[in-house]
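Just below is one structure, and these are the notes that go with it.
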Amino acid sequence: MTTFTAWKFESVDGADKATAVLREAAGEGLIRIEDYAVIEWEPGADRPKVKYEHRDELRSAGWGALLGVLIGALFFLPLIGAAAGAAIGVLTKKMDAVGITKEQLDTIGKAVVPGTSALFVVNHDSDRDRLAERFHGLAGSLIASNLVSGEEEEIRRSFED
């Protein structure tokens with residue numbers, strides 16, 4: 001199953017640190033990354049800086065486009081006013097089709113603020129227990145996913161303890 005997760009970090013460089021751990025884990029075969037994006041929002045900045053990295057070009061094309069639309073609609077379209085409402089409506093339908101709800105989109109939009117960072121990951125096949133060990137101490141919190149509630153709680157307990 002393809003999994004989407006969004007992680008928030010209480011520092012601007014937190015998501016970058018997590019990305020380094022994620023890439024190392026992928027190199028060891030603990031996770032197969034299809035795509036990921038990092039958002040860094042400096043204190044005082046009007047909008048965040050976004051970094052995309054496509055790990056598997058064939059499969060990530062669809063997810064990469066979806067991540068781009070998600071990030072653009074949540075963090076850049078609101079700056080241009082009323083047109084954002086229609087775009088967010090389209091985004092909501094597309095995200096709902098992959099198991100991400102409007103409430104989760106709202107949570108992401110409210111959680112990622114100046115002074116924080118976020119890591120959006122699309123992956124397939126992971127050794128969650130061994131991967132969680134790598135993420136201890138990074139102070140990330142899961143803010144959205146396309147997992148069912150029981151799986152999401154398991155991820156929270158494993159990664160956030």
Side-chain angles (χ1 to χ4, degrees), residues 1-42 47-76 91-109 111-113 116-161:
M1 177 178 122
T2 301
T3 303
F4 165 81
T5 53
W7 301 86
K8 177 189 176 183
F9 298 86
E10 295 298 332
S11 66
V12 175
D13 66 346
D16 249 356
K17 290 176 182 176
T19 300
V21 171
L22 185 69
R23 283 194 303 251
E24 184 178 306
E28 295 174 18
L30 299 180
I31 186 170
R32 194 169 83 209
I33 303 167
E34 292 187 27
D35 200 5
Y36 66 89
V38 172
I39 295 178
E40 298 172 338
W41 202 334
E42 294 286 341
R47 57 185 168 180
K49 179 171 75 170
V50 180
K51 299 184 226 174
Y52 297 98
E53 182 154 340
H54 304 286
R55 306 305 291 170
D56 182 332
E57 294 300 324
L58 186 60
R59 280 190 304 275
S60 72
W63 277 102
L66 206 55
L67 282 177
V69 170
L70 170 108
I71 292 167
L74 290 176
F75 300 105
F76 297 102
L91 170 68
T92 300
K93 286 183 181 179
K94 289 191 177 296
M95 289 294 168
D96 194 44
V98 294
I100 303 164
T101 66
K102 180 174 181 347
E103 291 77 23
Q104 289 173 315
L105 294 174
D106 291 342
T107 298
I108 294 169
V112 183
V113 297
T116 67
S117 59
L119 173 60
F120 298 87
V121 181
V122 179
N123 70 279
H124 193 80
D125 300 330
S126 67
D127 182 337
R128 288 183 186 164
D129 292 333
R130 290 181 57 204
L131 190 59
E133 291 172 4
R134 305 289 176 92
F135 279 84
H136 283 286
L138 293 177
S141 57
L142 182 64
I143 56 174
S145 81
N146 67 343
L147 298 168
V148 296
S149 63
E151 289 175 317
E152 192 170 287
E153 283 308 311
E154 179 183 324
I155 295 281
R156 276 197 175 90
R157 282 193 308 276
S158 297
F159 282 78
E160 295 176 10
D161 288 344

[atom2] on [Y] to [atom1] on [X], rounded to 0.5 Å:
{"X": "T5", "Y": "L119", "atom1": "OG1", "atom2": "CG", "result": "7.0 Å"}
{"X": "N146", "Y": "E151", "atom1": "CG", "atom2": "CD", "result": "9.0 Å"}
{"X": "I31", "Y": "Y36", "atom1": "CD1", "atom2": "OH", "result": "11.0 Å"}

Between [X] and [Y], is any pair of side-chain heavy atoms under 4.5 Å apart?
{"X": "F9", "Y": "L138", "value": "yes"}
{"X": "R128", "Y": "I155", "value": "yes"}
{"X": "T116", "Y": "V12", "value": "no"}
{"X": "N123", "Y": "R32", "value": "no"}
{"X": "E133", "Y": "L131", "value": "no"}
{"X": "R134", "Y": "H136", "value": "no"}
{"X": "V38", "Y": "D16", "value": "yes"}

**OP:** Could you walk me through whether I33 and V122 pass the side chain to side chain contact (heavy atoms under 4.5 Å, CB included) test, one step at a time?
**Re:** CA-CA 6 Å; I33 303 167; V122 179; over 6 Å; no
Verify, without hydrogens or angle tests, whether [X] (side chain) and [Y] (backbone) share a donor-acceptor contact under 3.5 angstrom.
{"X": "D127", "Y": "R130", "value": "yes"}
{"X": "K8", "Y": "A111", "value": "yes"}
{"X": "S117", "Y": "A15", "value": "yes"}

Subject >> Given V50, D35, I108, the one that forms side-chain contact (heavy atoms from CB on, under 4.5 Å) with F120 >> reply: I108
Original post:
Between E154 and R156, is there a side-chain N and carboxylate O pair less than 4.0 Å apart?
Top reply: no
**OP:** State whether a side-chain donor-acceptor pair under 3.5 Å links E152 with S145.
**Re:** yes
Subject >> Atom of V112, atom of A118 and distance for their closest heavy-atom approach >> reply: CG2-CB, 3.7 Å
Original post:
Which heavy atom in F135 sits nearest to a heavy atom in V21, and how many Å separate them?
Top reply: CE1-CG1, 3.8 Å
